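Worksheet for the structure shown next.
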Amino acid sequence: MKLDILAIGVHPDDVELSSSGTVLRHIAQGKAVGLLDLTRGELGTRGTAEIRAREAAESAALMGALVRVNLDMADGLFQYNPENIHKIIQVIRTYQPEIVLANALDDRHPDHGRAAKLCADACFYAGLAKIETFDSTGNPQERWRPKAVYHYIQDRNLQPDFVVDISDYFEKKMELILTFRSQFYLPSADEYSQELSTPISGEDFMAFMRAKARSYGRDAGFTYAEAFNVARTPGVLNLFDLV
């Protein structure tokens, strides 16, 4: 299965929080999109790895993603090493995405920036013929390098390099976020009422998400937007592709 976009998150809800509006927009355009989670988020204060896996599967189905893969790296303790780079390369070569979305280049959570470099470098190395990887049946994989890696902005309000209009998809994005009942404020999620609170579990966090999307959309004339950074300058063939 070849994908147009592979959206990667180090934690199971990273994509939903920061780039799911963009994903929904491209799925609506007929693009093939898949998700890759590096860890199961087992160090999270609320819920468990098993609960988050169920929530992630529910979100992927609601989103319309064609596949969701989890590499089961150690949450918080994953390393930038050959083993983890090879794991990501295998996925990239399996699905051959044209575009990869990855974690923020810098953020409050130390996993995010570390994952951003790990994924971006794996995308580069996936194009090197002398790095050998094998598919699930043991056959050698062909090299593949995505055309672009875009880093979605997460908790910190970084200066974006570009934004994507998600105005028509914002409410669906919020619905996707709330499939992670164990993590976020949902009045009906009584089973988690005794869990410890976190910076993202309060009702005010949902208001923050809405305000953030409005703020990033404002300069571009969009009601709601998601913001991205690039490590490599992108090019366009047509000035009218820039709004």
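Just so you know, these numbers use all the heavy atoms, side chains as well, and skip hydrogens, waters and symmetry mates. On a predicted model such as this, the values are computed, not experimentally measured, just so you know.
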Open item on the list: Out of the candidates L71, V67, V15, only one should pair with L36 under the side-chain contact (heavy atoms from CB on, under 4.5 Å) rule; please name it.
Closed with: L71
- [ ] Heavy atoms only: give me the nearest S59-T179 pair and the separation to one decimal.
- [x] CB-OG1, 3.3 Å
Task: Reported CG-to-NE2 distance for the pair N81 and H86, which is rounded to 0.5 angstrom - done: 10.5 Å
Open item on the list: Looking at R156 and D106, would you say the former's side chain and the latter's main chain have a donor-acceptor pair under 3.5 Å?
Closed with: no
TODO: Measure the NE2-CD1 distance between H151 and I8 for me, rounded to the nearest 0.5 Å.
DONE: 9.5 Å
Open item on the list: Between N103 and V10 (side chain of the first, backbone of the second, donor and acceptor by atom type, cut-off under 3.5 Å), is there such a pair?
Closed with: yes
Open item on the list: To the closest 0.5 Å, what do you measure between CG (D121) and CD1 (I89)?
Closed with: 9.5 Å
- [ ] Would you kindly confirm whether L186 and I200 end up in one hydrophobic cluster when ILVMFWY residues are joined by side chain heavy atoms under 4.5 Å apart?
- [x] yes
TODO: Answer yes if the side chains of D4 and H26 hold a donor-acceptor pair under 3.5 Å, and no otherwise.
DONE: no
Open item on the list: Closer than 3.5 angstrom, by distance alone: can the side chain of Q79 be matched with the main-chain N or O of L77 as a donor-acceptor pair?
Closed with: yes
Task: Contact summary for A227 and P160, nearest pair of heavy atoms - done: CB-CB, 3.6 Å
TODO: Verify, without hydrogens or angle tests, whether K2 (side chain) and P97 (backbone) share a donor-acceptor contact under 3.5 angstrom.
DONE: no
- [ ] Starting at CG of D107, measure out to NE2 of H109 and round the result to the nearest 0.5 Å.
- [x] 9.0 Å
Task: Shortest non-hydrogen contact between E42 and A49, atoms and distance - done: CB-CB, 4.0 Å
Task: side-chain hydrogen bond (donor to acceptor under 3.5 Å, both in side chains) against D135, all qualifying residues, sequence neighbours excluded - done: T137
Task: Note, Y169 side chain near S20 side chain (heavy atom, < 4.5 Å) - done: no
Open item on the list: Checking T223 against F170 for the side chain to side chain contact (heavy atoms under 4.5 Å, CB included) test, could you report, in this order, the C-alpha distance in whole Å, the side-chain angles of both residues, the deciding distance, and whether it holds?
Closed with: CA-CA 9 Å; T223 304; F170 182 78; over 6 Å; no
Open item on the list: Using only atom types and a distance under 3.5 Å, with no angle test, would you say the side chain of E16 pairs donor to acceptor with the backbone of L176?
Closed with: no
TODO: Any chance you could lay out the side chain to side chain contact (heavy atoms under 4.5 Å, CB included) test for M73 and I88, step after step, and finish with the verdict?
DONE: CA-CA 11 Å; M73 295 181 191; I88 299 171; 4.0 Å; yes
Open item on the list: Would the distance check show the side chain of T198 and the main-chain N or O of S201 forming a donor-acceptor pair, the cut-off being under 3.5 Å?
Closed with: yes
Open item on the list: If hydrophobic clusters are built by linking Ile, Leu, Val, Met, Phe, Trp and Tyr wherever their side-chain heavy atoms come under 4.5 Å apart, do V149 and W144 end up in the same one?
Closed with: yes
TODO: Examine the side chains of T45 and E195 and answer whether a donor and an acceptor come within less than 3.5 Å of each other.
DONE: no
Open item on the list: Show the nearest heavy-atom pair for residues L128 and R93, with the distance to one decimal.
Closed with: O-NH2, 2.9 Å
Task: Set of side chain to side chain contact (heavy atoms under 4.5 Å, CB included) partners for S182, sequence neighbours left out - done: I51, R52, E55, Y192
Open item on the list: Quick check for you: to the nearest 0.5 Å, what is the distance between L101 atom CG and Y152 atom OH?
Closed with: 8.0 Å
Open item on the list: Tell me every residue that passes ring-ring contact (aromatic ring centres under 6.0 Å, His included) with F180, counting only those two or more places apart in sequence or in another chain.
Closed with: none
Open item on the list: If hydrophobic clusters are built by linking Ile, Leu, Val, Met, Phe, Trp and Tyr wherever their side-chain heavy atoms come under 4.5 Å apart, do Y224 and I153 end up in the same one?
Closed with: no
Open item on the list: For residues L24 and L35: do they belong to one hydrophobic cluster (side chain heavy atoms under 4.5 Å, members Ile, Leu, Val, Met, Phe, Trp, Tyr)?
Closed with: yes
TODO: Report yes or no: do I85 and L38 belong to one cluster of Ile/Leu/Val/Met/Phe/Trp/Tyr joined by side chain heavy-atom distances under 4.5 Å?
DONE: yes
TODO: Determine the minimum heavy-atom distance between Y150 and V230, stating which atoms define it.
DONE: CD2-CG1, 3.5 Å
Task: Heavy-atom side-chain proximity of L17 to M209 below 4.5 angstrom - done: yes
Task: Enclosure of R143 CZ (heavy-atom neighbours >12, cutoff 6.0 Å) - done: no
Open item on the list: Looking at F134, is its backbone amide N or carbonyl O close enough to the side chain of Q90 to form a donor-acceptor pair, meaning the two atoms are under 3.5 Å apart?
Closed with: yes
Open item on the list: Any side-chain to backbone donor/acceptor pair from D165 onto F222? Under 3.5 Å, distance only.
Closed with: no
TODO: Check the surroundings of atom CD in E191: do more than 12 heavy atoms from other residues, nucleotides or ligands lie under 6.0 Å from it?
DONE: yes
TODO: Would you check, one step at a time, whether the test side chain to side chain contact (heavy atoms under 4.5 Å, CB included) holds for K212 with N157?
DONE: CA-CA 8 Å; K212 185 168 189 168; N157 292 326; 3.0 Å; yes
- [ ] Please tell me if the side chains of I92 and P146 come closer than 4.5 Å, counting only heavy atoms from C-beta onward.
- [x] yes
Task: K31 atom NZ, neighbour heavy-atom count above 12 within 6.0 Å - done: no
TODO: Over 60° means perpendicular and under 30° means parallel, so classify the ring planes of F162 and F228, tilted if in between.
DONE: parallel
Open item on the list: Surrounding CD of Q29 (heavy atoms of other residues, nucleotides or ligands, distance under 6.0 Å), is the total greater than 12?
Closed with: yes
Open item on the list: Please tell me whether T133 and Q141 have a donor and an acceptor in their side chains that are separated by less than 3.5 angstrom.
Closed with: yes
Task: Under 4.5 Å side-chain linkage, directly or through intermediates, the cluster mates of L242 - done: V236
Task: Selection residues 32-41 - residue pairs positive for side-chain hydrogen bond (donor to acceptor under 3.5 Å, both in side chains), sequence neighbours left out - done: D37-R68, R40-D72
TODO: Quick one: list whatever passes ring-ring contact (aromatic ring centres under 6.0 Å, His included) with F208, sequence neighbours left out.
DONE: F205
- [ ] Please round to the nearest 0.5 Å and tell me the distance separating atom CZ of R46 and atom CD of Q194.
- [x] 10.0 Å
Task: Side-chain touch R145/F124, heavy atoms, less than 4.5 angstrom - done: yes
Task: Test side chain to side chain contact (heavy atoms under 4.5 Å, CB included) applied to M206 and I177, step by step - done: CA-CA 9 Å; M206 291 298 121; I177 291 171; 4.0 Å; yes
Open item on the list: I want to check something: taking the side chain as every heavy atom from C-beta on, are Y125 and C123 in contact at a cut-off of under 4.5 Å?
Closed with: no
Task: Salt bridge R210-E171, side-chain N to carboxylate O under 4.0 Å - done: yes
Task: Nearest non-hydrogen partners of S18 and Q154, listed with the distance - done: OG-CG, 3.4 Å
